[in-house]
Amino acid sequence: MVTPSRLLPDLVGERGVVASEAGAKRVLIDRMRVVAHDDGSLERAADLLPSGQITSLKLPTRLGGGYLFHASSRGSAQLWRAQAWLAPLEPLVQLPSEANEILAGFDRLYARLSHSHRLLAIDAQTGAAMPLGPLPPASTYGQIAFADGWRALVEADLRGLLVTFDAGATWREVEIDARPTSVAVVGGDPAVMTASGLYAVDARGGVTYRTLEASDDVQEPPARAQGPLGRRPLRAAVEDGWPDSSTTAVVARGGALARVSLRDGAVIDVAPDAYPEREAACHAIRAGASFGFVCGEREGPTTLYAFQPPLGMRRLMRFDEPRFVVASGNGALVIRGSCSEDSAERAGRAYCVVAADGRTREIHVRAPARDVGIERVVALSDGRIAVLSPPRLDASGQLTLLKGSDVTTVPLILPPKPRSTARDLQHGMWIEGFEEREPGVIGGWVEAGGPIVGVRIDAKSGKVTAGAPRQDGTGALLSGRFAFSLGEGERAAESTDGGMTWRSLDLPERDADTAASRTRACGPVGCVFRGWIRVGWGKTALPDDLAEAKPPPVLQTPLRAGSPIAMRCAALGSSTPPLPDKPPAAPAARAEGARPASSVTRSASTEIPTSPWAPFRNTPPPKRGADEIGLDNGAPYDIVTMRAYAWGKRGADWARAGRWLLRFDDRFDPDGGVRSSGVSASPWSDEASAAEALGVVSQGAASWGAYLDPGGRAALTHVCRGAGCSLFAASEGLPILPLRDSAGRAGNFLRPFPNGAVRLGETWFFATPGGSYDVVALWRADLGIARQLATYYRPGRSGYGVDPPRLVRRALGGGVGLLISAAPDPGVRAGSWHVLPIDRETGALGEAVPLGRKDLADTRIERCAPGQDGWLLDTSLEGSPSFDVGGSSPSVDGAEFRLRLDPGSACVEAMAVRLQGAFAKAPEKQNDVGASAIPLAATERATGRRWRLRCEPKDAAR
């Protein structure tokens, strides 16, 4: 037999193929790394990758070359490196999340995390976390293609496709006429794939369009001619071959005789016309002093050949019909049927026995009809012929020995214990293929309806010895003294002594494969089964062969604790009284026969209930005349609170006599913050249409909201029904301006994003979702007419947790921009802000301007000086800022800052917090702060009372 053993995957088709190059294929299959050469030879790495989805990446020389292997399962991703495809795996890093893909960047690796689709940068040599580095600042990234050490194509959030030619020092927009479906490297250049073709970007920045249709002059390389053993010579050698040395086996296929290396499956030598039966299937058996082949065609003749060194075959016998041939294990053969080539009927069942020296003898076994065929015939090395009659329920069985004309009968003596084994031997099937294991000892197998039992019979005494039963529901593979049992799960076992002993072994997990060969076979060369080729028997040559690779270390990125913002504040008094217990009652209707003020009418049969005519943040509602009714609605619990009021005489023409008013709150104003538009003419014709528009009626309920310009004096309000919204521009003291599109339509706008509106002079800019989830529309409204200025796209795989785009403006200048949040660097808890300046006429985005970290940690907090410019935004800060407001020290939450940011500078214009509970002003001497302290507006959640405070950082307090 061949030993030691070696396990290889049985490659079928293109399964597991990663790449083809230089006459070989790199294959990643069943946790193994394999190189499959065009000549059919195989090479395998010694170590196994873990279970789960495995991908590989060929690393460029700028990252050290070699290969990266990535396994993602059970909530984590593990990465290994190898200097060559089959080289030992070197643990790199284990990520805290599964990863969809690994990219080789300019000077680092990028992992796209599965749960969020965010990118994580990794040092390719150490596995340490790194900043995203040369990528353009963005909230999230779509597809990325790195062409070499200088060029890359990136799909950045909102900015779209960007290309760099200097390793990320600068990025510029790629202008194409279609939406990209993917990006890739084609012909060495980064390329954008679309539905109709691709746009390749060359090294000079030129963009060339190519269709996806294959060129007529492109020809496939000619397929390599297969040898007589096909694409899997190693499987052929194991399945039907015979070892002629410890490292080679000989196999006959298609008229050719080939010698195959058992190390890698390479065909060493071929005799192309070794035998004429090219359509016959040939199987190697022990014959004579060496081995031979039994070749047979379906429903055709059977031919026996002897191997003739160095690589030839000599015909021994030929029969015109199919014959059953079994080797006796000592060079002799037993052929069912007559020794002559004809198939004439004779008395009894005929067997042709061919001795190891080539002499033949024909015997006839006579038995009752019910016993015909159960006998097993074995030619012994001393010239005797043994006819085994297996035991049955009514007989213990016997061994009949023939020597010349002498006949000797020896009863079988079954083992008395264990009883289960004796029962299996008596009830089981004694399988064909019994052979002489050693002089005078016959061995074979018994299948007992589940258990497999190996038996040995002493020809002299008839004593039967049984091995340990082996349970195998899948069916063991048996061939002479060799057996392989898959057993339960992945725990297999082998026997090389006819089942007397079994040795357990582990098989790696396999990927599901419907194309795997279903045929199974075993022999002295090894076994083929269920997608595996196992060459040899016994232990492996390497004690750690197929050992699982060492797990990589877990990524460790300890957070550096920044200096959280801590403010000490002094209360200066309240600016608004608490809410009254009950809202003031509306004046009673004085007109004779008029309905009370609690309702208005849409028609004679339908009543429209009125709203409560409630105050807004402690500010009384507008005054109405005694004969007027009022309708109001709003958003009292939003971050930006607002309320809309409409009033007029019942039954009058409201388009001429009706009026309405919008009020909103600047939560950063410690002096009250309530802003009111000017009283404006009603846009509704009567009280019924006004009630429906304001959402007072139950049918078609409307939701109100407002977007506060960071200056605090203007708001873009909306009322939405379903997906459609009506927008109204409200500025302090000015008439309300309804917004319409260029066709004059109102009510068809989509709800803007939170913090998605700013007012610049008399012009409003606002951002809404587009026609799909990955589209952002930028609008510009001048004198109430809104037009869509630009469309921006978000990557389709942006995932969850990405901040919606928000608009900001310059505090003093005329700039407008989109504020984006970039991911934090490793070891830092907070991300950073960047602003993309917007061309106010075209909507084109400029280069990202860095504005600093989102927690302002380690940044000096100062009040904005008069005339100080910067990007103005209202925002909360990361890092949990704390406020000591003194007084009764109520719980403080919802801290927000009105900031002016520029690269390298930040100042605070005002701050706002919410107070849980009532606030009591403390003595002034305990709340003394500097004159340059920052204003703070603190609002009690329960009462709406607002307090004026001034704060400064605790480390600067006196």
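Just so it is clear, the values below take in all heavy atoms, side chains as well, and ignore hydrogens, waters and symmetry mates.
Listed by chain and residue number, Gln78 satisfy the side-chain hydrogen bond (donor to acceptor under 3.5 Å, both in side chains) test with Gln94 (two or more places apart in sequence, or in another chain). Not counting sequence neighbours, Tyr351 has no partner by the ring pair (Phe, Tyr, Trp, His ring centres under 6.0 Å) test.
Between the side chain of Gln83 and the backbone N or O of Gly66 there is no donor-acceptor pair closer than 3.5 Å. Remark: side-chain polar atoms of Asp472 are not paired, donor with acceptor, to backbone N or O of Ile452 under 3.5 angstrom. With hydrogens and angles ignored, the 3.5 Å screen pairs no side-chain donor or acceptor of Tyr305 with any backbone N or O of Gly292. No donor-acceptor distance shorter than 3.5 angstrom exists from the side chain of Ser73 to the backbone of Gly52, with no hydrogens or angles considered. Checking side-chain atoms of Ser97 against main-chain N and O of Ser76 turns up no donor-acceptor pair under 3.5 Å.
Checked against Asp10 for a salt bridge (Lys or Arg N to Asp or Glu O under 4.0 Å), the options Arg530, Arg232, Arg231, Arg520 give a single hit: Arg232.
Of the N and O atoms on the side chains of Glu43 and His37, at least one donor lies less than 3.5 Å from an acceptor on the other residue. A donor-acceptor contact closer than 3.5 angstrom links the side chains of Ser381 and Glu436. No side-chain donor from either of Asp264 and Ser41 sits under 3.5 Å from a side-chain acceptor of the other.
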Note to self: For a ring pair (Phe, Tyr, Trp, His ring centres under 6.0 Å) check, start with the C-alpha distance between Phe307 and Phe291, then their side-chain angles and the critical distance, and finish with the verdict.
What the structure shows: CA-CA 6 Å; Phe307 174 71; Phe291 63 94; 4.6 Å; yes
Next item on the list: Applying side-chain contact (heavy atoms from CB on, under 4.5 Å), run through Met1 and Thr496 and close with a yes or a no.
Entry: CA-CA 9 Å; Met1 69 176 183; Thr496 58; 3.9 Å; yes
Next item on the list: Could you please spell out the steps behind the side-chain contact (heavy atoms from CB on, under 4.5 Å) verdict for Gln398 and Val410?
Entry: CA-CA 6 Å; Gln398 65 181 19; Val410 180; over 6 Å; no
Check: Could you go step by step and tell me if Arg470 and Ser485 meet the side-chain hydrogen bond (donor to acceptor under 3.5 Å, both in side chains) rule?
Finding: CA-CA 8 Å; Arg470 172 71 180 177; Ser485 171; 2.9 Å; yes
Next item on the list: List the steps and the verdict of side-chain contact (heavy atoms from CB on, under 4.5 Å) for Ile363 and Val387.
Entry: CA-CA 10 Å; Ile363 67 170; Val387 180; 4.3 Å; yes
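Nearest heavy-atom pair, Leu262 versus Arg6, reported as atom, atom and distance to 0.1 Å: O-NH1, 4.4 Å. Summarising the geometry of Asp39 relative to Pro233, their closest heavy-atom pair is O-CG, 4.0 Å, with the distance given to 0.1 Å. Contact between Ser328 and Ala379 at its shortest, heavy atoms only, is OG-N, 3.0 Å. Closest approach of Val27 to Arg15, counting heavy atoms only: CG1-O, 3.9 Å. Closest approach of Gly523 to Trp537, counting heavy atoms only: O-NE1, 2.9 Å. Heavy-atom minimum distance, Leu425 versus Pro391: O-CG, 3.5 Å.
Between Leu546 and Thr540, every side-chain heavy-atom pair lies at or beyond the 4.5 Å cut-off. For the pair Ser495/Phe482, no side-chain contact is recorded, criterion being any heavy-atom separation below 4.5 Å from C-beta on. Contact of the Cys527 side chain with the Trp532 side chain is not registered, since no non-hydrogen atoms from C-beta on lie closer than 4.5 Å. Within the 4.5 Å cutoff, the side chain of Leu257 has no heavy atoms near those of the Asp269 side chain. Trp430 has its side chain within reach of Val455: a pair of non-hydrogen atoms, C-beta onward, lies under 4.5 Å apart. Side-chain contact check for Val528 versus Arg534: every heavy-atom pair is 4.5 Å or farther apart. Contact of the Arg481 side chain with the Glu435 side chain is registered, since non-hydrogen atoms from C-beta on lie closer than 4.5 Å. A heavy-atom distance below 4.5 Å is found between the side chains of Leu333 and Leu304.
Once rounded to the nearest 0.5 Å, the distance linking CG of Leu507 with CZ of Phe484 reads 5.0 Å. Going from atom CG of Leu68 over to atom CH2 of Trp80 covers 10.0 Å, rounded to the nearest 0.5 Å. In this structure, the separation between CG on Leu11 and CZ on Arg235 is 11.0 Å, given to the nearest 0.5 Å. The line from CD1 of Ile442 to CG of Leu399 is 4.5 Å long, rounded to the nearest 0.5 Å. The line from CZ of Arg259 to CD1 of Ile268 is 7.5 Å long, rounded to the nearest 0.5 Å. With values rounded to the nearest 0.5 angstrom, Ser5 atom OG is found 7.5 Å from Leu505 atom CG.
In this structure, Arg376 pairs ionically with Glu432, as a charged nitrogen and a carboxylate oxygen lie closer than 4.0 Å. Checked for salt-bridge contact, Asp357 and Arg359 meet the test: a charged N lies under 4.0 Å from a carboxylate O. Checked for salt-bridge contact, Lys550 and Glu90 miss the test: no charged N lies under 4.0 Å from a carboxylate O. Remark: Arg44 engages Asp545 in a salt bridge, criterion side-chain N to carboxylate O under 4.0 Å. A salt bridge does not link Glu297 to Arg278: none of the charged nitrogens lies less than 4.0 Å from a carboxylate oxygen. Look at Glu277 and Arg315 and you find no salt bridge, because none of the NZ, NE, NH1 or NH2 atoms lies under 4.0 Å from a carboxylate O. Using a cutoff of 4.0 Å between basic side-chain nitrogens and carboxylate oxygens, Arg33 and Asp47 are scored as salt-bridged. Salt bridge Glu279/Arg298: absent, no basic N to carboxylate O contact under 4.0 Å.
Taking the centre of each ring, Trp85 and Phe69 come in below the 6.0 Å mark.
For the salt bridge (Lys or Arg N to Asp or Glu O under 4.0 Å) condition, the pairs that include at least one residue of residues 454-463, sequence neighbours left out, are Glu438-Arg456.
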